Protein chains: 2
Amino acid sequence: MEKLDKRMEELLQSEGDLTEKQRNILAAATEMFAQKGFAATSTSEIAKKAGVAEGTIFRHYKTKKDLLLSIVSPTMLRMISPFILKDINKVLNQDYERFEDFLREMIKNRQAFLDNNLQVVKVVIQEIPFHPELRDQFIQHVGQKVYQRFSETVQYYQAKGQIADIPPATVLRNVSSVILGYFATKYIVAPVGWDEEKEIDELIAFLAKGLAPE
Amino acid sequence: MEKLDKRMEELLQSEGDLTEKQRNILAAATEMFAQKGFAATSTSEIAKKAGVAEGTIFRHYKTKKDLLLSIVSPTMLRMISPFILKDINKVLNQDYERFEDFLREMIKNRQAFLDNNLQVVKVVIQEIPFHPELRDQFIQHVGQKVYQRFSETVQYYQAKGQIADIPPATVLRNVSSVILGYFATKYIVAPVGWDEEKEIDELIAFLAKGLAPE
DNA sequence: ATTATAAGTGAGTAATCACTCACTAAGAAA
DNA sequence: TTTCTTAGTGAGTGATTACTCACTTATAAT
């Protein structure tokens with residue numbers, strides 16, 4: 001756990017000492033990967049959009065795939081970092097009176113993250129099916145670390161009588177399904193007249209009722 | 001509506017008069033698109049796996065993208081056909097006493113479809129982000145036809161007092177999110193010791209409770 | 001049997017691909 | 001200044017790309 005935290009901190013901070021051209025490359029690549037996909041984006045296009053020579057890309061990234069991983073891997077960690085970092089981000093470690101309060105805090109927190117990282121998250125989701133390393137990384141982190149932490153939380157509220165006696169894995173699945181559906185609607189479908197507060201209230205009420213005992 | 005049904009029937013039956021080589025091409029392309037993605041699959045690979053000359057592919061499909069659409073478009077329609085075809089598939093037109101019975105029938109029905117079309121559905125989902133035509137097609141069908149039909153169903157059960165007074169769009173979003181999460185878990189994560197009956201029961205109970213009035 | 005239409009072939013093509021390398025520019029260390 | 005390291009360049013490379021076309025084979029209509 002100590003080691004993991006160290007590695008994560010490194011990854012999360014590793015964008016400080018970059019050249020301007022390097023940052024341009026990452027930005028251009030992210031934008032095009034999100035738009036056309038990794039396989040359909042050529043390194044010459046990236047170089048052109050970043051305003052650098054094509055050789056410059058390969059000075060910093062051994063291969064095109066290496067460039068993808070440099071973009072995607074840190075973001076994958078940051079997506080789930082609140083669930084596995086105990087010290088840095090305290091959001092999910094406070095004890096909330098009700099499960100609904102915990103849910104609301106989690107949604108707000110991850111929504112803020114999404115607002116700032118929409119494109120990269122899009123790349124992560126789009127590319128995971130095509131790159132086994134990414135899939136394995138994701139399964140390993142979410143399937144082990146996140147599941148472990150979340151299970152404890154669920155059991156806590158089950159002991160308080162707020163959640164029915166359902167396997168924590170099922171609770172996790174339903175909660176994340178509904179929240180992902182909410183985010184997908186907000187960011188992809190983007191309906192007109194979207195009342196965020198109201199939607200979140202309804203979402204939480206739905207989850208709380210669905211998971212309540214009896 | 002009449003016209004749509006006609007067009008759909010055409011599309012759905014349009015695989016009967018194909019040559020063996022043509023079927024080989026479709027099968028090979030589907031398999032590789034599902035595995036590596038459309039952009040990362042070359043026509044020479046497809047030809048090789050299908051056991052045909054590369055020219056044969058272009059005899060039947062003007063472009064590589066045309067091949068993709070020939071695979072994906074009919075499947076997209078078949079994914080949602082039970083929701084918009086009134087006569088052929090009667091599953092969702094029968095009146096079920098309880099909303100839960102309707103849900104159970106719908107899940108069983110679409111699960112059977114998934115079992116027989118896993119790969120193509122995978123291609124649909126994976127490629128939609130990269131092809132605006134596909135996205136538009138999907139949004140048009142799901143966002144209009146499916147939403148319309150589903151709204152009627154929801155309002156029916158709302159009148160019976162089984163569903164709370166929530167906007168039908170929200171009901172549709174939550175129901176499909178949870179069901180998609182269920183399918184994703186079953187087909188992607190594929191946990192060991194997966195008790196299908198029990199999972200479906202819990203899923204339906206969760207949805208019914210979450211959507212119930214009060 | 002003849003003709004017509006569609007199915008299938010595979011060598012060929014221009015364009016593009018990811019990547020290399022010899023080189024220059026710049027900044028810091030000595 | 002000199003030296004060393006890193007950043008940046010862009011022409012060049014062989015391989016691969018989607019697609020074409022002149023051609024042969026097969027099926028079916030006359």
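The structure displayed is predicted, hence computed values, not measured ones.
Residue A/E54 places its side chain closer to C/dA18 than to any other of D/dT17, C/dC17, C/dA18. Side-chain proximity of B/F58 to C/dT9, D/dA18, C/dC19: nearest is D/dA18. The side chain of A/A53 has D/dT9 as its nearest neighbour among D/dT9, C/dA7, C/dT9.
Atom CD1 of B/I57 and atom C1' of D/dC21 are 16 Å apart (whole Å). When rounded to the nearest whole Å, the span between CG of B/D66 and P of D/dT20 equals 12 Å. Protein atom NZ of B/K64 is 19 Å distant from nucleotide atom P of C/dA15, rounded to whole Å. A/K62 places its NZ atom 18 Å from the C1' atom of C/dC21, with the value rounded to the nearest Å. B/K48 has its NZ atom 16 Å from the C1' atom of D/dT17, to the nearest Å. Atom OH in A/Y61 sits about 15 Å away from atom C1' in D/dT6, given to the nearest Å. As a whole-Å value, the separation of B/E45 CD from D/dC19 P is 15 Å. Rounded to whole Å, atom C1' of D/dT16 lies 12 Å from atom NZ of B/K36.
Cation-pi geometry between B/K145 and B/F83 is not met: the NZ or CZ atom fails to fall both under 6.0 Å from the ring centre and inside 45° of the normal.
Side-chain nitrogen and oxygen atoms of A/S42 include at least one within less than 4.0 Å of the OP1 or OP2 phosphate oxygen of C/dC17. Residue A/T56 places no side-chain N or O under 4.0 Å from the OP1 or OP2 atom of D/dA7. A close approach under 4.0 Å does not occur between any side-chain nitrogen or oxygen of A/K21 and OP1 or OP2 of D/dG8. A/H60 has no side-chain polar atom (N or O) that falls below the 4.0 Å cut-off from OP1 or OP2 of D/dT6. In terms of phosphate contacts, B/T43 brings a side-chain nitrogen or oxygen within less than 4.0 Å of OP1 or OP2 of D/dA18. The phosphate of C/dA18 has neither OP1 nor OP2 within less than 4.0 Å of any side-chain N or O from A/K65. Between B/S44 and D/dA18 there is no side-chain polar atom (N or O) within less than 4.0 angstrom of OP1 or OP2.
B/K122 places a side-chain N or O within donor-acceptor distance of the main-chain N or O of B/A34, the cut-off being under 3.5 Å. Remark: side-chain polar atoms of A/K64 are paired, donor with acceptor, to backbone N or O of A/F38 under 3.5 angstrom. With hydrogens and angles disregarded, no donor-acceptor distance shorter than 3.5 Å links the side chain of B/K186 to the backbone of B/E196.
When each of B/T63 and B/R59 is assigned the nucleotide of DNA chain D with its nearest heavy atom, B/T63 is the one assigned upstream, toward the 5' end.
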Practice problem: Evaluate the side chain to side chain donor-acceptor pair (under 3.5 Å) criterion for residues B/T43 and B/E54: first the C-alpha distance (whole Å), next the side-chain angles of each, then the deciding distance (0.1 Å), finally the verdict. | Solution: CA-CA 7 Å; B/T43 49; B/E54 203 173 345; 2.8 Å; yes
